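In what follows, a single structure is set out as structure tokens and then discussed.
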Amino acid sequence: MNSTIHYLNTDLDLISPSDLQELARAFEAAGTSPLHVTREDEGFWHATFETDQQYAEPEPNISEMLTTIESLSEPLLYLWSTCTLREFNIGYHCGNDPWAFNQGISAALLRRLTNAGASIRFTLYPDRSGNVPPKST
């Protein structure tokens, strides 16, 4: 595995008491494929989406998904609003190089995220290519 720190992708995670399949069709038609859309045992619908086009930084991925959200019809916007979780999960592979690494989210994109009622989460995946020390007990 590559030991360089790099952006992987951004998933959009949704949880709703309402069926998310119609919303999933709208996202897919706009180039954001559903990774899964399922009704879980607790009765809530869970869905995860990822843009078909991948970028080197999270901003264009998030912007593409927000453009889809901003263009939803009124019934689908209502469905979006029923979601108890609307979260953009930004994933990074963590390696040893470079010594410092950063990427940003612009104020304009943060406004759009806020207007959509969405939040951000970061997931950092460790580099497992070298020897992994045993977990202490």
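Just so it is clear, the structure is predicted and the values come from calculations on it, not from any experiment.
Counting only heavy atoms from C-beta outward, the side chains of Ile90 and Ile62 approach each other to under 4.5 Å.
In the hydrophobic cluster analysis, where Ile, Leu, Val, Met, Phe, Trp and Tyr join through side-chain heavy atoms closer than 4.5 angstrom, Tyr7 is grouped together with Leu124. At a threshold of 4.5 Å between side-chain heavy atoms, the hydrophobic network of Ile, Leu, Val, Met, Phe, Trp and Tyr places Phe122 and Leu12 in one connected group. Residues Leu20 and Leu35 fall into different hydrophobic clusters, defined by Ile, Leu, Val, Met, Phe, Trp and Tyr side chains chained together at heavy-atom separations under 4.5 Å.
For Asn96, the side-chain contact (heavy atoms from CB on, under 4.5 Å) test picks out Ser3, Asp127, with sequence neighbours left out. Partners of Asn89 by side chain to side chain donor-acceptor pair (under 3.5 Å), not counting sequence neighbours, listed by chain and number: Thr123. For the side chain to side chain donor-acceptor pair (under 3.5 Å) test, no residue two or more places apart in sequence or in another chain qualifies with Gln53. Here Asp52 pairs with Ser33 under the side chain to side chain donor-acceptor pair (under 3.5 Å) rule; sequence neighbours left out. When the side-chain contact (heavy atoms from CB on, under 4.5 Å) test is applied to Leu110, the partners found at least two apart in sequence or on another chain are Ile105, Leu113, Ile120. Scanning for side chain to side chain donor-acceptor pair (under 3.5 Å) contacts around Asp97 gives an empty result, with sequence neighbours left out. For Ala108, the side-chain contact (heavy atoms from CB on, under 4.5 Å) partners two or more places apart in sequence, or in a different chain, are Ser106, Arg111.
Evaluation of the ring pair (Phe, Tyr, Trp, His ring centres under 6.0 Å) test over residues 29-76, restricted to residues two or more places apart or in two chains, returns Phe27-Phe49. Contacts classified as side-chain hydrogen bond (donor to acceptor under 3.5 Å, both in side chains) and involving residues 77-88 (residues at least two apart or in different chains) are given here: Ser16-Thr82, Glu87-Arg121. For the salt bridge (charged side-chain N to carboxylate O under 4.0 Å, His left out) condition, the pairs that include at least one residue of residues 58-82, sequence neighbours left out, are Glu70-Arg112. Among residue pairs with one or both ends in residues 16-28, none qualify as salt bridge (charged side-chain N to carboxylate O under 4.0 Å, His left out); sequence neighbours excluded. Every pair passing ring pair (Phe, Tyr, Trp, His ring centres under 6.0 Å) that includes a residue from residues 100-120 is listed here, sequence neighbours excluded: Tyr92-Phe101.
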Derivation and outcome, side chain to side chain contact (heavy atoms under 4.5 Å, CB included), residues Phe88 and Asn61: CA-CA 10 Å; Phe88 290 90; Asn61 284 106; over 6 Å; no
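Note that the CG atom of Leu85 and the CD1 atom of Ile15 stand 4.5 Å from one another [nearest 0.5 Å]. The OG1 atom of Thr48 sits 7.5 Å away from the CG atom of Leu14 when rounded to the nearest 0.5 Å.
Nearest heavy atom pair, residue Thr10 against residue Met65, reads O-CE, 3.6 Å. When all heavy atoms of Arg39 and Gly43 are compared, the closest pair comes out as NE-O, 3.2 Å. Of all the heavy atoms in Leu72 and Ala26, the pair that sits closest is CD2-CB, 4.0 Å.
A side-chain donor-acceptor contact under 3.5 Å links Glu40 and Thr38.
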